[in-house]
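Values below: all heavy atoms of this structure, side chains included; hydrogens, waters and symmetry mates excluded.
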Amino acid sequence: MINAFAVVPPPPLRFTLNEWHLNNRYRYRCSEAQQELADRLLAETQRICELSTDKVRDNKDETDHRLKEKLEDIEFCKKELLCIRKEVLLESDALSIYKERIMDALSSVRRNALIICEKCLMFRERRLGIDLVRDNVERELLKECEVIMGVENLLVRTLEQTQEQIRRLKASLYYMDHDLEDKENNLRIDRHNLTLRETNMNLSIYHGTSRLDPSTIELNEWEMQTNNNILAATKEVNSARPLRCYIDTIIKQTINDLIDQKNATDETFRRRIEETKEAKTKLELQHSEVMRQANEMRENITSIEKSIAEKECYLALAHTRLGNRCQRPGLELTRDLVENQLIKEVNDLHDVVSNLQATMFEAHASLRYLLKTQIQIEEDINVKTNTLKIDEVDCMTLRQSMDYHVY
């Protein structure tokens with residue numbers, strides 16, 4: 001059904017001719033104003049772009065200049081550090097040689113002189129009857145022991161002082177090496193930065209939240225650090241040089257004191273002592289027996305390893321048979337007597353191999369113990385050999401092995 005009341009749209013708005021002219025003039029003025037504004041903006045933009053280009057170029061040139069200055073500063077500091085580092089290294093090596101001299105002298109005193117004097121005193125206690133007297137030889141021996149212990153204490157203190165000075169030199173070397181490593185990394189970074197150009201393809205803009213300039217150390221602190229390292233190293237070098245002269249004097253003085261006392265004791269000391277060869281002979285017999293047992297144990301280990309290898313072949317055979325039988329079709333895949341026997345064979349072989357491996361571990365442990373015992377016996381034989389040499393000669397011959405010289 002058609003609606004009788006249809007909606008008729010309103011007639012369009014009508015304007016006057018005057019309004020039409022006014023609207024056209026308004027549009028012209030707006031267009032002209034926008035064009036003037038655009039012209040001014042274009043001119044301003046060109047000016048700003050030219051200024052910013054000059055400013056950016058100047059900033060980059062200034063940055064390149066600062067980078068070159070920084071590289072020169074780092075190179076200078078690195079050169080100074082390398083120079084003093086060379087002195088520290090040379091002084092440390094020289095002092096290490098002096099340390100070895102002290103240790104050689106100390107080892108000689110501990111290993112040779114004092115032991116000989118104490119053995120002489122101990123052997124003289126075996127005198128019987130009227131010969132067990134406190135004579136001039138015993139008095140000189142006691143005095144020589146005091147001199148040797150005094151020399152030992154003095155050398156120990158000198159050694160500790162030398163070790164401490166070496167430690168301080170190495171500490172200075174450590175700090176300088178750390179500083180040199182940091183400076184080398186800084187050189188690498190800034191040299192790379194100096195080669196970068198705004199046209200490089202590997203540049204990127206940082207969009208993170210952390211600061212791009214996390215530096216907190218001031219320039220004077222950086223310079224002070226290197227200066228402190230150089231001053232500290234120079235101080236340690238200046239301390240090490242007179243120490244070496246002191247070590248020369250100490251070693252020479254102590255050796256002269258030992259030689260003088262040895263000569264005084266040798267004038268009054270003539271007596272023979274002996275030690276038995278039985279202990280050395282027994283040790284040599286034990287050494288031969290241990291070597292024989294060690295060889296037998298090696299053969300035993302080889303035999304066990306061979307046996308384990310053989311059992312592993314049987315185990316591989318059983319595993320292969322089981323694997324092949326897994327491919328039986330349908331109802332043929334049954335747990336029959338053959339499969340039970342194969343499983344039993346695998347389990348038995350595992351037990352056998354485990355027992356053999358446990359036995360092999362015990363054999364290895366026994367061999368290690370035998371080898372350790374062999375080394376201990378060899379050390380004991382060396383000790384007894386030294387003792388036997390002393391036993392077979394008189395005290396004067398024994399004392400002739402007291403070799404004092406300036407190391």
Side-chain angles (χ1 to χ4, degrees), residues 91-127 133-170 236 238-273 275 379 382-407:
E91 195 60 36
S92 179
D93 292 340
L95 203 57
S96 296
I97 295 175
Y98 275 74
K99 173 189 170 183
E100 294 296 329
R101 291 178 57 196
I102 299 174
M103 293 177 66
D104 290 340
L106 186 59
S107 176
S108 174
V109 172
R110 286 174 170 172
R111 182 185 65 250
N112 192 7
L114 188 58
I115 294 177
I116 291 176
C117 290
E118 290 176 347
K119 282 187 176 181
C120 289
L121 286 171
M122 180 184 65
F123 291 143
R124 286 180 63 81
E125 291 297 324
R126 298 179 182 179
R127 293 175 296 169
V133 296
R134 186 179 295 275
D135 54 7
N136 291 333
V137 174
E138 186 172 346
R139 284 191 288 271
E140 290 295 334
L141 277 172
L142 291 173
K143 182 179 178 181
E144 188 170 16
C145 288
E146 293 178 359
V147 172
I148 291 173
M149 288 187 290
V151 167
E152 180 180 342
N153 292 332
L154 180 58
L155 289 176
V156 167
R157 292 195 301 270
T158 306
L159 178 62
E160 292 174 352
Q161 185 177 359
T162 305
Q163 289 174 334
E164 175 62 19
Q165 186 59 49
I166 292 175
R167 186 197 65 80
R168 295 171 68 90
L169 285 170
K170 289 183 177 180
E236 299 306 329
N238 293 335
S239 299
R241 287 170 179 168
L243 180 59
R244 289 193 286 116
C245 297
Y246 173 74
I247 293 172
D248 277 330
T249 303
I250 286 297
I251 292 178
K252 183 177 180 180
Q253 178 182 346
T254 53
I255 296 301
N256 288 337
D257 293 341
L258 290 171
I259 291 175
D260 292 342
Q261 184 58 42
K262 176 181 178 294
N263 293 334
T265 304
D266 287 343
E267 292 297 326
T268 58
F269 188 13
R270 296 288 182 272
R271 184 176 177 182
R272 295 183 176 270
I273 60 174
E275 287 284 338
E379 293 176 354
N382 292 333
V383 172
K384 294 297 183 295
T385 301
N386 183 59
T387 304
L388 184 61
K389 178 184 177 182
I390 297 174
D391 293 344
E392 291 177 344
V393 296
D394 57 18
C395 289
M396 281 303 297
T397 304
L398 176 65
R399 291 180 56 78
Q400 287 176 2
S401 62
M402 298 171 60
D403 183 21
Y404 296 127
H405 61 274
V406 179
Y407 290 87

> Could you go step by step and tell me if Met103 and Leu155 meet the side chain to side chain contact (heavy atoms under 4.5 Å, CB included) rule?
Replying inline: CA-CA 8 Å; Met103 293 177 66; Leu155 289 176; over 6 Å; no

> Checking side chain to side chain contact (heavy atoms under 4.5 Å, CB included) for the pair Gln261/Asp257: CA distance, chi angles, key distance, verdict?
Replying inline: CA-CA 6 Å; Gln261 184 58 42; Asp257 293 341; over 6 Å; no

>> Go through it in stages, so that I can follow the logic: the residues are Tyr98 and Leu243, the test is side chain to side chain contact (heavy atoms under 4.5 Å, CB included), and I'd like the CA-CA distance, side-chain angles, deciding distance and then a yes or no.
In response: CA-CA 10 Å; Tyr98 275 74; Leu243 180 59; over 6 Å; no

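With sequence neighbours left out, Asn238 forms a side chain to side chain contact (heavy atoms under 4.5 Å, CB included) with Thr234, Arg241. Evaluation of the side-chain hydrogen bond (donor to acceptor under 3.5 Å, both in side chains) rule for Glu236 yields Gln165, Arg168 as partners, not counting sequence neighbours. Partners of Ser107 under the side chain to side chain contact (heavy atoms under 4.5 Å, CB included) rule, at least two apart in sequence or in another chain, are Arg111.
Summarising the geometry, atom CD1 belonging to Ile115 is positioned 10.0 Å from atom CD1 belonging to Ile148; distances are rounded to the nearest 0.5 Å. Rounded to the nearest 0.5 Å, atoms CD1 (Ile255) and NZ (Lys262) are 12.0 Å apart. We find the CG-CD distance between Leu169 and Glu164 to be 10.0 Å, quoted to the nearest 0.5 Å. Taken to the nearest 0.5 Å, the CD1 atom of Ile251 stands 11.5 Å off from the CG atom of Asn256. From Cys117, atom SG reaches atom CE of Met149 across 9.5 Å, with rounding to the nearest 0.5 Å. Distance check: Leu95 CG to Lys170 NZ gives 10.0 Å after rounding to the nearest 0.5 Å.
Nearest approach of Ile166 to Ser92, heavy atoms of both residues: CG2-OG, 4.4 Å.
Screening residues 144-162 for side-chain hydrogen bond (donor to acceptor under 3.5 Å, both in side chains) gives Arg110-Glu152, Glu144-Thr265, Glu144-Arg399 as the qualifying pairs, with residues at least two apart or on separate chains.
Inter-residue side-chain proximity for Ile247 and Lys99 is flagged as unmet; no heavy-atom pair is nearer than 4.5 Å.
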